[in-house]
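Reviewing the structure listed below.
Treat the numbers as computed from the prediction; the structure is a model and nothing was measured. Below, chains carry the letters A, B, ... as their sequence lines are ordered, and counting in each starts from 1.
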Protein chains: 2
Amino acid sequence: MPQPQIITESNARQKTLQWLESLQSNGYRLTSSRRAVVEVLATADQSLTAADLYRIGLERHKRLGLVSVYRTLEKLEELGLVQRVHRPDGCHAYISALEGHQHLLLCESCGRVEIFRGDNLKEFSRRLEGASGFEIHEHWLQFFGLCSQCH
Amino acid sequence: MPQPQIITESNARQKTLQWLESLQSNGYRLTSSRRAVVEVLATADQSLTAADLYRIGLERHKRLGLVSVYRTLEKLEELGLVQRVHRPDGCHAYISALEGHQHLLLCESCGRVEIFRGDNLKEFSRRLEGASGFEIHEHWLQFFGLCSQCH
DNA sequence: AGAGTTATTGAAAACAGTTTTCATTATACA
DNA sequence: TGTATAATGAAAACTGTTTTCAATAACTCT
Ligand SMILES: [Mn+2]
Ligand SMILES: [Mn+2]
Ligand SMILES: [Zn+2]
Ligand SMILES: [Zn+2]
């Protein structure tokens with residue numbers, strides 16, 4: 001089994017520009033509301049709920065509406081730029097999309113997210129298909145705990 | 001890595017009796033509503049939402065209320081007899097609680113659930129703790145696909 | 001730059017899932 | 001069998017999310 005490999009954050013400002021460009025080049029207009037949501041989420045090191053994004057986004061765009069947060073997330077998800085994470089409490093949050101096959105490590109206290117590779121589940125998955133008769137399409141692997149700053 | 005081990009269903013009727021007895025011995029009264037919910041969920045081989053349980057439970061107890069479904073699930077969860085599963089679509093369903101360290105394989109089409117052991121993630125988890133500085137408390141491992149009857 | 005087109009916005013209403021309130025009913029137990 | 005009270009279901013309340021719609025702002029084309 002390979003060592004887990006922590007993925008380092010790529011430059012957050014660059015990510016912001018990429019997301020805005022991606023929205024634009026897909027025919028979406030660049031508005032203050034979208035800018036606010038993108039700037040907050042692309043530079044975050046934590047998973048954020050729609051309500052989080054609304055609250056923080058208001059500091060950048062005073063007239064921001066919660067509805068636009070949802071609509072922007074919808075577009076970003078459709079473009080493969082962000083993804084939803086499911087939390088044990090049942091609440092949904094968003095993070096930058098994972099690239100390729102990666103998995104998550106989430107802080108139960110502050111929401112910090114670490115991304116890693118190296119789970120080596122492909123082999124296990126194939127055996128599970130044989131044993132169960134299922135045709136397996138995807139898997140979730142998420143670890144939960146306390147980050148170094150929270151314990 | 002060990003072979004994945006599919007857990008076979010223990011006798012469903014016996015499970016029903018155990019759950020009812022557990023409710024009773026913890027000071028909860030045995031009512032028609034509780035009986036209906038327990039009988040349906042303890043004998044199911046699929047994950048069921050509160051709405052599913054209400055719909056199916058009505059066939060056993062004509063006056064069943066959705067509220068009692070939620071309240072019964074609350075008690076069963078508290079007693080460690082059932083647990084929630086999170087689906088990609090964000091919807092919550094319930095199954096018999098896993099015993100010890102087990103994981104899930106869910107059919108995306110019909111909701112059928114298989115339980116397995118053998119993920120061997122303890123070693124991986126320890127390495128991840130070292131690499132990330134997190135103190136890891138739990139993990140989710142769920143596979144999704146189509147069961148043999150659905151593909 | 002200005003005018004025209006239309007995508008996007010936010011307020012409000014609607015909706016889905018879940019929880020709370022409360023007067024009535026059913027269970028357990030003496 | 002009667003009594004105390006846990007449990008019930010209808011309705012209201014609440015939370016997270018989506019839809020509706022008239023007003024606005026972003027892009028395009030002179
Ligand atoms: Mn994996
Ligand atoms: Mn495991
Ligand atoms: Zn933390
Ligand atoms: Zn199936």
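One can place CG of B:D89 at 15 Å from P of C:dA16, the figure rounded to the nearest angstrom. To the nearest angstrom, C1' of D:dT18 lies 13 Å from CG of A:L73. Rounded to whole angstrom, the span from the CD atom of A:E77 across to the C1' atom of D:dT18 amounts to 15 Å. C:dT25 atom C1' lies 17 Å from atom CG of B:L30, rounded to whole Å. One atom, CZ of A:R71, and another, C1' of D:dA25, lie 14 Å apart when rounded to the nearest Å. In this entry the distance linking CZ of B:R55 with P of C:dG17 reads 12 Å, nearest Å. Summarising the geometry, the separation between NZ on A:K75 and C1' on D:dA26 is reported as 15 Å, rounded to the nearest angstrom. In this entry the distance linking NZ of A:K62 with P of C:dA11 reads 11 Å, nearest Å.
Considering only the side chain of B:R29, C:dA26 comes nearest among C:dT9, D:dG9, C:dA26. Among the nucleotides C:dA28, C:dA12, D:dT17, the one closest to the side chain of A:V67 is C:dA12. If you check C:dA7, D:dG9, C:dG10 against the side chain of B:R63, the one that comes closest is D:dG9. The side chain of A:L64 sits closest to C:dG10 out of D:dC27, C:dG10, C:dT8. You'll find that the side chain of A:H92 is closest to D:dT17, out of D:dT17, D:dT20, C:dT8.
Contact annotation: B:R34 side-chain N/O to D:dA7 OP1/OP2 distance is under 4.0 Å. Note on B:S33: a side-chain N or O is less than 4.0 Å away from OP1 or OP2 of D:dG9. A sub-4.0 Å separation between OP1 or OP2 of D:dA7 and a side-chain N or O of B:H61 is absent. Taking only side-chain nitrogens and oxygens, A:S32 never comes nearer than 4.0 Å to OP1 or OP2 of C:dT9.
Looking at which nucleotide of DNA chain C each of B:T31 and B:E74 is closest to, the 5′-most match is held by B:E74. Each of A:L66 and B:V69 has a nearest nucleotide on DNA chain D; the 5'-most of these lies closest to B:V69. Along DNA chain C, the nucleotide nearest B:Y70 and the nucleotide nearest B:Q24 are compared for position; the residue whose nucleotide lies closer to the 5' end is B:Y70.
Of the N and O atoms on the side chains of A:Q142 and A:H103, not one donor lies less than 3.5 Å from an acceptor on the other residue. Judged by distance alone, the side chains of B:S47 and B:R87 do bring a donor and an acceptor atom under 3.5 Å apart. Judged purely by distance below 3.5 Å, without hydrogens or angles, the side chains of B:K15 and B:S96 pair a donor atom with an acceptor atom.
Between the side chain of A:N26 and the backbone N or O of A:Y28, no donor-acceptor pair lies under 3.5 Å. With hydrogens and angles ignored, the 3.5 Å screen pairs a side-chain donor or acceptor of B:R34 with a backbone N or O of B:R29.
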